[in-house]
Amino acid sequence: MSDATAKKEERRKFQAIRGTRDLLPPETALWNRVEQTSHEVFSTFGYGEIRLPIFEQTELFARSIGIDTDVVSKEMYSWVEGWEDANFAIFREWSMKRDPESAQVLRFMGPLRASKPREKRDLGPLSQNTYMTLDGVETIARFKYRVALMDVLELQDAGMAYQQQGKAMPQLLLVTVPGTIPEGMESFAAKANVTLEKIHIDDFEPPQLLALRPEATASVCRAYIEHNMQQLPQPVKLYYTGPMFRRERPQKGRYRQFYQIGAEILGGTDAPAIDAEVIEMLMTFFDKVGLQGATLYINSIGHNAENCRRGYVAKLKSALEKVKDKLGPDSQRRIDTNPLRVLDSKLESEQPIIAKLPHIADHLCDECKTHYAAVKRQLELRGVLYQENWRLVRGLDYYMRTTFEITAPGLGSQNAVCGGGRYDGLVELLGGPPTKGIGFAIGEDRLILSLQESGKAKLAQGRDVYIAWMGERAYATAIRAAKDLRKAGFSVELPPAEQKFGKALGQADKLGAKYALILGDNEVSEALWTLKTLADGTQQKLTEPDLLQFLRNQKRVSS
Ligand code: HAM
């Protein structure tokens, strides 16, 4: 790199990663208001807050959300933690078992002092070919937590490369821990003259596959099991707020780090009143934050049985096969992987075809049909308006029976501000007891966007009071005034240096202050302070207690 390029590189400005963003004031005040409203509304329905880790085992999400869903198959941020540590542990144990003094690692020069873990960085990737001489025999070895047939083939290739150089075939060695070796591997290795050595290690820590959470329902269920919440009075009602991560194509209302406010109700019965109350709470929340034009869509996707959803999916699949060549590539693929998801398609050309597909409502079992009818009745009892949408199947595998979604105006194509549904089998699927469950998650970014678009997001911006002070004596009074006003809950700007009054008032204006409190020598000696209302320029002189009272009254009127 030339010096000039290096300098340019150094000066390069950092930017937030695509699909992530900073949330700045004053907008963050709206975020806080929305979150505060969720705390208030949800607690009136008996929900308690749960705070969850941002990352979990990848397997937790894969098993709950489903391997064939977009969220798991394409959008997860996952990584492996501890690969090198595990491989190194295998290498160290192996070399300690063989006399460490005689083991020569040619590639790294000098005798191997494997008992010093600090040296592990010098060893390079142990999962790749390591060349060494063992008791005078040339050896190519791999030290690996999870071995695959590929390792055998690659060792064999490396050995053959020796032969091509006219050297003798080296000893080929694959070292791993017991319990991770795939079926058929032992005989495959034997045929290829690769020695497969299994080393037992006390307290071995296998590597972990971890992921940033793409959603939180799976985590809540994991926590329910982990903390034995089935022993608490049921149902357990929990809610959460926080960031989620999905590697989606960013666009308006769709981010890679986005925020959800969600609630889950676990345990107890699957009484339709529970479904209806969860939805009622949601609509109460939306009403309270001032979301306008929200539409609630509901559906029932039955349960996973031959006489219910599975039967329907089979019918849907055969209907889709018949129109396969009229569908786009995504839907064509989904016929095999997840036919229900075809109903989610927004592709214009597929709409008339989808409209003619069989409806799930006609294939629900009697129990699911009854449950769905009762949910609708319960919603009506609560005065919750809804629209039925037979195509609402949702993109995550864990749902059964009730599913719902809420759309809001001003969001373009990403108009779902909330999605949810029932997931009775999920806790059991994750190793817990049979447990009923239902919940939802609100997309907070989209909710905020919709509030902003509808003009419902007007926030009291700026300071309540800007203190324009001049002179040392006035400064002491200004500090005290700022302290008292802040204690009374007003936002106050106290400039750190003296300014001419004209300049101070200009500054107060720029900051959007409502009032300027003018403190000069006169005000201090008369104990009468000047308060200027910046909107109309009027001024009044007030004693300190009167000033506080006046500001309090004004605040009450405007809120
Ligand atoms: P979901 O439908 O995947 O459901 O997400 C819920 C909401 O999160 C969506 O309706 C949307 O508002 C918002 N959202 C999703 N992806 C993005 C994104 N990339 N950018 C911005 N907002 C997004 C769930 O996550 C389930 N866990 C909901 C649930 C809880 N079901 C039962 N309990």
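The structure displayed is predicted, hence computed values, not measured ones. Just so you know, residue 1 is the first one in the sequence shown, and it goes up from there.
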Indicate yes or no: at least one non-hydrogen side-chain atom of [X] is less than 4.5 angstrom from one of [Y].
X    : Y    : result
P433 : V427 : yes
I265 : I438 : yes
W79  : L210 : yes
Y224 : L238 : no
I360 : L343 : no
K376 : E388 : yes
R142 : E154 : yes
V492 : D464 : no

Inset, instruction - Check the pair F55, F245 against ring pair (Phe, Tyr, Trp, His ring centres under 6.0 Å), reporting the backbone distance first and the verdict last. - result: CA-CA 10 Å; F55 59 94; F245 305 85; over 10 Å; no

Let me check something: any side-chain donor-acceptor pairs from residues 270-278 under 3.5 Å, sequence neighbours excluded? List them with distances.
| unit_1 | atom_1 | unit_2 | atom_2 | d |
| --- | --- | --- | --- | --- |
| D270 | OD2 | R401 | NH1 | 3.1 |
| D275 | OD1 | R422 | NE | 3.4 |
| D275 | OD1 | R422 | NH2 | 2.7 |
| D275 | OD2 | T402 | OG1 | 2.7 |
| D275 | OD2 | R422 | NE | 3.1 |

Just checking, is any N or O donor in the side chain of [X] or [Y] under 3.5 Å from an acceptor N or O on the other one?
X    : Y    : value
Y259 : Q257 : yes
S454 : Q292 : no
S413 : Q251 : yes
Y386 : E380 : yes
T295 : Q387 : no
W31  : E35  : no

Legend entry - side chain to side chain contact (heavy atoms under 4.5 Å, CB included) partners for A211, two or more places apart: T58, F61, M76, S78

Inset, instruction - Could I get the full list of side chain to side chain contact (heavy atoms under 4.5 Å, CB included) partners for P25, not counting sequence neighbours? - result: T28

Legend entry - Within residues 393-418 or reaching into it, pairs that qualify as ring-ring contact (aromatic ring centres under 6.0 Å, His included) - sequence neighbours excluded: Y398-Y423

With distance as the sole test, does [X] use its side chain to make a donor-acceptor pair with the main-chain N or O of [Y] at under 3.5 Å?
X    : Y    : value
D424 : G437 : yes
T241 : I261 : no
T435 : G267 : no
S450 : L447 : no
T403 : L392 : yes
R446 : A416 : yes
T130 : Q128 : yes
Q234 : L232 : yes
R63  : L429 : yes
E215 : T217 : yes

Sequence neighbours excluded, which residues qualify as side-chain hydrogen bond (donor to acceptor under 3.5 Å, both in side chains) partners of [X]?
X    : answer
Q332 : none
R333 : D330
Y312 : none

Inset, instruction - Specify the closest pair of heavy atoms between L430 and A218, including all atoms of both residues, with the distance to one decimal. - result: CD1-O, 4.0 Å

Legend entry - Minimal non-hydrogen separation, P207 against V80, with atom names: CB-CG1, 4.0 Å

Inset, instruction - May I ask you to decide whether K252 forms a salt bridge with E453, counting only side-chain N to carboxylate O separations under 4.0 Å? - result: yes

Legend entry - Under-4.0 Å salt bridge between K288 and E40: no

Inset, instruction - Applying salt bridge (charged side-chain N to carboxylate O under 4.0 Å, His left out), name anything that partners R309, two or more places apart in sequence or on another chain. - result: none

Inset, instruction - Identify, with sequence neighbours excluded, every residue that meets salt bridge (charged side-chain N to carboxylate O under 4.0 Å, His left out) alongside R213. - result: none

Does [X] have any ring-ring contact (aromatic ring centres under 6.0 Å, His included) partners at least two apart in sequence or in another chain, and if so, which?
X    : result
F258 : none
Y77  : none
Y239 : H39, F42

So for atom [atom1], which belongs to [X], do other residues, nucleotides or ligands contribute more than 12 heavy atoms lying within a distance under 6.0 Å?
X    : atom1 : result
L385 : CG    : no
E348 : CD    : no
K324 : NZ    : yes

Inset, instruction - Mind running side chain to side chain contact (heavy atoms under 4.5 Å, CB included) on S345 and I354 for me, showing each step along the way? - result: CA-CA 9 Å; S345 160; I354 292 173; 3.9 Å; yes

Inset, instruction - Applying side chain to side chain contact (heavy atoms under 4.5 Å, CB included), run through E27 and Q452 and close with a yes or a no. - result: CA-CA 9 Å; E27 192 185 298; Q452 287 168 330; 3.3 Å; yes

Output the distance between atom [atom1] ([X]) and atom [atom2] ([Y]), rounded to the nearest 0.5 Å.
X    : Y    : atom1 : atom2 : result
I442 : I406 : CD1   : CD1   : 7.5 Å
H227 : I225 : NE2   : CD1   : 10.5 Å
E205 : E81  : CD    : CD    : 10.0 Å

Inset, instruction - Begin with the C-alpha distance, continue with both residues' side-chain angles, and end with the deciding distance and a verdict on side chain to side chain contact (heavy atoms under 4.5 Å, CB included) for I17 and R256. - result: CA-CA 9 Å; I17 306 295; R256 291 180 164 184; 5.9 Å; no

Inset, instruction - State which residue, out of R254, R21, Q414, fulfils the side chain to side chain donor-acceptor pair (under 3.5 Å) condition with D445. - result: R21

Inset, instruction - Evaluate side chain to side chain contact (heavy atoms under 4.5 Å, CB included) for V175 paired with F91, printing each intermediate quantity in order. - result: CA-CA 8 Å; V175 188; F91 173 66; over 6 Å; no

